[in-house]
Q: 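One structure coming up, written as structure tokens, with questions to follow.
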Amino acid sequence: KPGNFILVSGDLGASTAGLKLFLKKIKGHDYVKKKHLEPKANFHKVKKFLKYINAMIDVSDGLASDITRICEQSNVGAIIFQDNLQIKDETRRAAKAVKKDAADYALYGGEDFELIYIVLSLSLGILYIQTSRNFCKHTHKVTTENFIGFRLVETTLQKRLSDLVPICIFVERSPVE
């Protein structure tokens, strides 16, 4: 629903980065290669927050595809702030080694075994109080533009306020005239 926050349970793009390194036979970058070869479900990261979560889906086809799926089912749009995507430095270095953008891996790569989950803005504060770990990212940008799916915005309007930071927010779809 409009006003809900979209969060992710962990870093994105690592599996795709690992695959690309294997395909190009580039040595090193053990973290992303392991994320590709030995994916681990991360349900444990959100289990204690289930009562605050309105919806959840695994990142199987990339963040963009999976958020678009949620938006289409809910008849809403979402704004994604690129600099709030959870991408580890190791994933960024691996993407750079194959001359690619780590944000593309996060958005379109998939197979990261992380979870996208939706919470009300009121629940965001409760989640922040209950955790000090950096497992999601935050934004405060809302619009009522007429679209379903997602839009990528390169910079945030507000600096990071905490370790609990949603990557994007659902926005209301304006009626089509």
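Bear in mind that the values here come from a model prediction, so they are computed numbers and not experimental data. As a basis for the values below, the full set of heavy atoms in this structure was taken, side chains included, without hydrogen atoms, waters or symmetry mates.
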Q: To the nearest 0.5 angstrom, please state how far the CG atom of Leu107 sits from the CG atom of Leu63.
A: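 With rounding to 0.5 Å, CG (Leu107) is 6.0 Å from CG (Leu63).
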Q: What are the two closest heavy atoms between Ala95 and Asp101, and how far apart are they?
A: CB-C, 4.1 Å
Q: First locate atom OG of Ser65, then atom OH of Tyr108, and finally report the distance between them rounded to the nearest 0.5 Å.
A: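 Going from the OG atom of Ser65 to the OH atom of Tyr108 covers 10.5 Å.
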Q: Assess the side chains of Tyr31 and Asp89: does a donor N or O sit below 3.5 Å from an acceptor N or O?
A: no
Q: Roughly how far apart are Ile6 CD1 and Ile70 CD1, rounded to 0.5 Å?
A: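 Nearest 0.5 Å value for the CD1-CD1 distance: 6.5 Å.
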Q: So do Glu111 and Val59 actually touch side chain to side chain, heavy atoms under 4.5 Å?
A: no
Q: Nearest 0.5 Å, please: how far is OG in Ser74 from CG in Asn54?
A: 10.0 Å
Q: Looking at Asp61 and Arg69, is there a salt bridge between them, counting it only when a charged N and a carboxylate O are closer than 4.0 Å?
A: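 Yes, Arg69 and Asp61 are salt-bridged.
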Q: How many angstroms lie between atom NZ of Lys40 and atom CZ of Phe113, to the nearest 0.5 angstrom?
A: 12.0 Å
Q: Strictly distance-based, threshold 3.5 Å: is any side-chain N or O of Asp112 a donor or acceptor partner for the main-chain N or O of Ser15?
A: yes
Q: Should Leu7 and Ile116 count as side-chain neighbours, where that means a heavy-atom distance under 4.5 Å?
A: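 With C-beta onward as the side chain, the pair stays apart.
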Q: If we only count heavy atoms from C-beta on, is the Tyr105 to Leu85 side-chain gap below 4.5 Å?
A: no
Q: Who pairs with Asp58 by side chain to side chain contact (heavy atoms under 4.5 Å, CB included), at least two apart in sequence or on another chain?
A: Ser60, Leu115
Q: Under a 4.5 Å cut-off applied to non-hydrogen side-chain atoms, are Ile87 and Asp11 in contact?
A: no
Q: Determine whether Glu114 and Leu12 make a side-chain contact, defined as any pair of heavy atoms from C-beta on separated by less than 4.5 Å.
A: yes
Q: Which residues satisfy the salt bridge (Lys or Arg N to Asp or Glu O under 4.0 Å) test with Asp104, sequence neighbours excluded?
A: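 Scan of Asp104 (salt bridge (Lys or Arg N to Asp or Glu O under 4.0 Å), adjacent residues dropped) gives none.
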Q: Please output the side-chain donor-acceptor pairs of residues 16-30 that fall under 3.5 Å, not counting sequence neighbours, one pair per line with the distance.
A:
unit_1	atom_1	unit_2	atom_2	d
His29	ND1	Glu90	OE2	3.0

